[in-house]
Q: 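Please see the structure below; I have some questions.
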Amino acid sequence: MKARIRPEKEVFLLYHLGEDTEKGKQLRKVLLPLGIELVDVSDQMLLETVAFCAHMDGAASTGNVYAGEPLPYELMVMKGVTRAHLNQILDLLSKAGVKRVERKAVVTETNRSWTFLKLYQEVCREHDMMTGQTPTN
């Protein structure tokens with residue numbers, strides 16, 4: 001008897017891409033029919049771990065609530081997506097006319113224990129470095 005490996009659930013964490021934004025509405029139109037779970041990350045959740053935000057097994061809340069100013073950039077963090085499926089998803093988003101989300105990340109073994117804020121800061125630092133911009137928060 002062959003063992004079946006259940007694929008990991010695809011979850012996208014969306015920051016500043018809520019249903020109240022045009023891009024957020026467009027993303028949902030494309031992603032929800034694909035069975036991808038969408039999680040809106042609020043400002044208050046920025047001190048939670050990436051694993052907790054992504055509803056990963058065993059991830060508990062830190063109990064910490066972010067009380068600072070909202071962060072300036074949108075961010076999409078993807079969990080459980082293969083490279084091939086990610087390419088298909090990005091192609092579908094492009095064909096649907098969804099404007100590009102400039103800051104994106106994938107959940108890894110390393111960053112799953114980070115706070116969402118730390119991941120956001122790291123993604124912004126890398127984005128600035130790659131685009132030659134002055135570092136942002």
Side-chain angles (χ1 to χ4, degrees):
M1 187 160 146
K2 291 184 180 179
R4 291 186 187 248
I5 299 174
R6 208 172 73 192
E8 193 175 4
K9 173 118 176 94
E10 295 177 327
V11 179
F12 281 29
L13 306 177
L14 305 174
Y15 180 72
H16 282 321
L17 293 164
E19 291 181 62
D20 58 337
T21 68
E22 189 57 36
K23 195 182 296 184
K25 288 178 197 170
Q26 293 173 336
L27 282 168
R28 281 164 178 73
K29 212 177 215 183
V30 174
L31 299 175
L32 287 174
L34 299 175
I36 297 170
E37 180 182 348
L38 304 178
V39 177
D40 287 313
V41 177
S42 67
D43 292 319
Q44 294 79 18
M45 294 171 66
L46 291 174
L47 297 179
E48 293 291 357
T49 65
V50 172
F52 178 78
C53 293
H55 303 155
M56 295 176 79
D57 289 342
S61 172
T62 64
N64 298 323
V65 177
Y66 179 80
E69 291 294 316
L71 304 175
Y73 303 109
E74 56 196 26
L75 174 63
M76 182 166 64
V77 180
M78 299 155 282
K79 177 191 120 356
V81 182
T82 65
R83 182 173 298 276
H85 195 220
L86 176 59
N87 289 337
Q88 290 173 343
I89 291 167
L90 294 176
D91 187 50
L92 286 171
L93 291 171
S94 177
K95 286 179 180 172
V98 180
K99 289 184 181 175
R100 185 176 172 178
V101 176
E102 294 295 328
R103 288 162 181 82
K104 295 183 276 300
V106 174
V107 177
T108 66
E109 284 299 316
T110 300
N111 69 25
R112 65 184 284 163
S113 63
W114 296 357
T115 64
F116 195 87
L117 176 61
K118 180 178 177 178
L119 178 60
Y120 174 95
Q121 291 168 331
E122 181 62 21
V123 169
C124 286
R125 186 187 67 75
E126 289 175 5
H127 180 270
D128 292 345
M129 194 171 67
M130 291 187 329
T131 59
Q133 297 177 359
T134 305
T136 58
N137 59 341

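Treat the numbers as computed from the prediction; the structure is a model and nothing was measured. Nothing fancy with the numbering, it's 1 onward along the sequence.
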Q: State the CE-CZ distance between Met130 and Arg125, to the nearest 0.5 angstrom.
A: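 Rounded to the nearest 0.5 Å, the CE-CZ separation comes to 10.5 Å.
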
Q: Do Leu46 and Val65 belong to the same hydrophobic cluster, where Ile, Leu, Val, Met, Phe, Trp and Tyr are linked whenever their side-chain heavy atoms lie under 4.5 Å apart, directly or via other members?
A: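 No; Val65 is not reachable from Leu46 via cluster members.
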
Q: Establish whether Leu32 and Leu86 are linked, either directly or via other cluster members, by ILVMFWY side-chain heavy-atom contacts under 4.5 Å.
A: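 Same cluster: Leu32 reaches Leu86 through Ile, Leu, Val, Met, Phe, Trp or Tyr contacts under 4.5 Å.
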
Q: Output all residues satisfying ring pair (Phe, Tyr, Trp, His ring centres under 6.0 Å) with Tyr15, sequence neighbours left out; order by chain, then residue number.
A: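 Ring pair (Phe, Tyr, Trp, His ring centres under 6.0 Å) list for Tyr15, sorted by chain: Tyr120.
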
Q: Nearest 0.5 angstrom please: Arg28 CZ to Glu19 CD, how far?
A: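 With rounding to 0.5 Å, CZ (Arg28) is 4.5 Å from CD (Glu19).
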
Q: Atom CG in Leu47, atom CZ in Phe52: separation rounded to 0.5 Å?
A: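 So the gap between those two atoms works out to 12.5 Å.
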
Q: Drop me the distance from Cys53's SG to Trp114's CH2, to the nearest 0.5 angstrom.
A: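 One gets 14.0 Å once the value is rounded to the nearest 0.5 Å.
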
Q: Does a side-chain N-to-carboxylate-O contact under 4.0 Å join Lys9 and Asp57?
A: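 Here Lys9 does not pair with Asp57 in a salt bridge, since their nearest N and O are not under 4.0 Å apart.
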
Q: Please find the pair of heavy atoms, one from Val50 and one from Thr115, that lie closest to each other, and give the distance.
A: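 Scanning both residues completely, I find the closest heavy atoms to be CG2-O, 4.1 Å.
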
Q: What is the minimum heavy-atom distance between Val101 and Glu74, and which atoms define it?
A: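 In terms of heavy atoms, the two residues are closest at CA-OE2, 3.9 Å.
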
Q: List the atom of Ala105, the atom of Leu119, and the distance in Å for their closest heavy-atom pair.
A: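 Result for this residue pair: CB-CD1, 4.3 Å.
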
Q: According to a 4.5 Å side-chain heavy-atom criterion applied to Ile, Leu, Val, Met, Phe, Trp and Tyr, with indirect links allowed, do Leu71 and Val77 form part of one hydrophobic cluster?
A: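 Yes; Val77 is reachable from Leu71 via cluster members.
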
Q: Group every Ile, Leu, Val, Met, Phe, Trp and Tyr by side-chain heavy-atom contacts under 4.5 Å, then state whether Val11 and Leu27 land in the same group.
A: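 No.
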
Q: For a quick test of reading the model, state the closest non-hydrogen atom pair linking Thr62 to Glu48 and the distance between them.
A: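 Where Thr62 meets Glu48 most closely, the heavy atoms are N-OE1, 2.7 Å.
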
Q: When hydrophobic residues are tied together by side-chain contacts of less than 4.5 Å, even through go-betweens, does Met78 share a cluster with Met45?
A: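 Each belongs to a different hydrophobic cluster.
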
Q: Tell me every residue that passes side-chain hydrogen bond (donor to acceptor under 3.5 Å, both in side chains) with Glu102, counting only those two or more places apart in sequence or in another chain.
A: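 Per chain and number, Glu102 pairs via side-chain hydrogen bond (donor to acceptor under 3.5 Å, both in side chains) with no residue.
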
Q: Which heavy atom of Met56 sits nearest a heavy atom of Val107, and at what distance?
A: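 Shortest heavy-atom contact: SD-CG1, 4.1 Å.
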
Q: Look up atom CD in Glu122 and atom CG in Asn111, then write down how far apart they are to the nearest 0.5 Å.
A: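 Taking CD in Glu122 and CG in Asn111, the distance rounds to 9.5 Å.
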
Q: Heavy atoms only: give me the nearest Lys79-Ala54 pair and the separation to one decimal.
A: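 Answer, listing the atom of Lys79 first, then Ala54: CD-CB, 3.7 Å.
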
Q: Report the residues that fulfil side chain to side chain contact (heavy atoms under 4.5 Å, CB included) with Ile89, sequence neighbours left out, ordered by chain and then residue number.
A: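 For Ile89, the residues satisfying side chain to side chain contact (heavy atoms under 4.5 Å, CB included) (neighbours in sequence not counted) are Phe12, Leu31, Leu34, Ile36, Val81, His85, Leu93.
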
Q: Considering the options Leu75, Leu38, Val39, Asp40, which one meets the side-chain contact (heavy atoms from CB on, under 4.5 Å) requirement together with Leu13?
A: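 Going through Leu75, Leu38, Val39, Asp40 one by one, the side-chain contact (heavy atoms from CB on, under 4.5 Å) with Leu13 is satisfied by Val39 alone.
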
